[in-house]
Amino acid sequence: MSTTQSAPTGSVIQGPLRIKATHGDFRDELHENGYVVIKNAIPRERALQYQQKAFDWVTSFDTPLDMNDPSTWKAENLPVQSKLNTFDNYGVVHEKFMWDARMEPGVVDAFAKVWETDELLVSYDSLNITFPNREDKPARPPWPHIDQSPFKRGMHCIQGIISLSPAGPEDGSLMCLPRSHTFNDEFFDTQTDPKGWETKDWRRFSEDEMKWWAGKGLHAIKVTTEPGDLILWDSRTVHWGGEPTEKSNVIRTVIYASYSPARLATEEAIEEKRRVFSVYGATTHWAHDNIFLRPLVARRPDGTIDPKDRKEPLEKPDMSDRMLKLAGVIPY
């Protein structure tokens, strides 16, 4: 459960930032469409180096996994994936390359512009490595959702994807409904019963509910990127992870990272964030709220613990003051 800012039933929390009419930069597109791609937030060469670090990590478990041999891309050769092709366990969330990517100036500066402050917290979020055309794993159907409770109105969370691989029309990437964030309040106020609203910052939409969004003229697009690009989107924007098609040969490699002002976090949230950090744990897409420790133990689908489970990163990050402030470990 969330430890901060969760609204009691019947009350509404307004977004913490009043959106200006225009900024003259990427924020205008973000606020208008609900998402934006910031090109070259990380230099391409450095992004590809981070991808190689991710490949080094996923092949470090003494299995026959070969990044160049699709026949080895199967569950028995992979560390346990928590969901949706993502890795949360084994201390990967706090690997040095993960923190180095999160601290890239072009990434942090983008969120600083969105929130109009450089005193930010960052989420302890996942690594996604999606192998195309896996023989042991059929493509998952869409799961359109938002990551914000209907009790929260306005902009509360901006999510991010740091792209370490290219994403073309046939590859795995973010799917979203542009401008759906502008209809979020209307959907919940006219299509749902407030008695059924949850304070949980996650809501999936059924096939029938998606027809309502289509009736507003909204249609899904796959966001295309190059290595080093940064995708930002409003948590009210309907979205999901788009699977690669049979034509794809790209191993999707991305890092999820969300940043928000440190001033939005309660003392309880900061305390929990520090506790999670101390055990190399993962959290949610939110940086200042919804702070709770995800399961630390890597369990296989049958419930047994992976014998290759790890309690800490292979390569620990450099504990600079800047990093520890983003982590919420020391104050600004």
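Values reported hereafter were calculated over all heavy atoms of this structure, with side chains retained and with hydrogens, waters and symmetry mates removed. Note that the numbering runs from 1 along the sequence shown for the chain.
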* Which residues share a side-chain hydrogen bond (donor to acceptor under 3.5 Å, both in side chains) with Arg179, sequence neighbours left out -> none

* Take Asp201 and His285 through the side chain to side chain donor-acceptor pair (under 3.5 Å) test and state the conclusion after the steps. => CA-CA 10 Å; Asp201 288 299; His285 296 311; over 6 Å; no

* Answer yes when Asp189 and Arg153 have at least one side-chain N-carboxylate O distance shorter than 4.0 Å, and no when they do not. => yes

* Between His94 and Phe277, does the ring centroid distance fall short of 6.0 Å? -> yes

* Any side-chain heavy-atom pair of Ile161 and Ser163 under 4.5 Å -> yes

* Looking only at heavy atoms, which two atoms of Gln51 and Ile251 are closest? And how far apart? -> NE2-O, 3.7 Å

* Asked: More than 12 foreign heavy atoms under 6.0 Å from NZ of Lys39: is that the case here?
  -> yes

* Asked: Would you say Asp171's side chain and Pro244's backbone share a donor-acceptor pair under 3.5 angstrom?
  -> no

* Salt-bridge criterion met for Arg274 and Glu271 (N-O under 4.0 Å) -> no

Indicate every side-chain donor-acceptor pair of residues 210-219 with a distance under 3.5 Å to a residue at least two apart or in another chain.
residue: Lys211; atom: NZ; partner: Asp208; partner atom: OD1; Å: 3.4
residue: Lys216; atom: NZ; partner: Glu186; partner atom: OE2; Å: 2.7

* Asked: Please, which pairs that meet ring-ring contact (aromatic ring centres under 6.0 Å, His included) have at least one residue in residues 37-78, sequence neighbours excluded?
  -> Trp57-Phe61, Trp57-Phe87, Phe61-Tyr90, Trp73-Phe131

* Can a salt bridge be assigned to the pair Arg46 and Glu104 using a cut-off of 4.0 Å between side-chain N and carboxylate O? -> yes

* **Ser123 to Ala287 - nearest heavy-atom pair and separation** => N-CB, 3.6 Å

* Any luck finding a side-chain donor-acceptor pair between Thr192 and Trp197 under 3.5 Å? -> yes

* To do: Inspect the contact between Glu226 and Arg44 and indicate whether a charged nitrogen and a carboxylate oxygen are less than 4.0 angstrom apart.
  => yes

* Could I get the full list of side chain to side chain contact (heavy atoms under 4.5 Å, CB included) partners for Ala54, not counting sequence neighbours? => Phe97, Leu127, Ile129, Thr253

* Asked: With sequence neighbours left out, which residue pairs that include part of residues 297-332 fulfil the ring-ring contact (aromatic ring centres under 6.0 Å, His included) condition?
  -> none

* For the residue pair Lys152 and Asp289, establish whether any side-chain heavy-atom pair is separated by less than 4.5 Å. => yes

* For atom NZ of Lys113, decide whether the heavy atoms of other residues, nucleotides or ligands shown that lie under 6.0 angstrom number more than 12. => no

* Reported CG-to-CZ distance for the pair Asp306 and Arg299, which is rounded to 0.5 angstrom -> 11.0 Å

* **Asp234 bridged to Arg236 by N-O distance under 4.0 Å** => yes

* Structure fact -> Contacts of Gln14 meeting side-chain hydrogen bond (donor to acceptor under 3.5 Å, both in side chains) (sequence neighbours excluded), chain-then-number -> none

* Can Ser126 and Asn128 be said to form a side chain to side chain donor-acceptor pair (under 3.5 Å), step by step? -> CA-CA 6 Å; Ser126 311; Asn128 181 316; over 6 Å; no

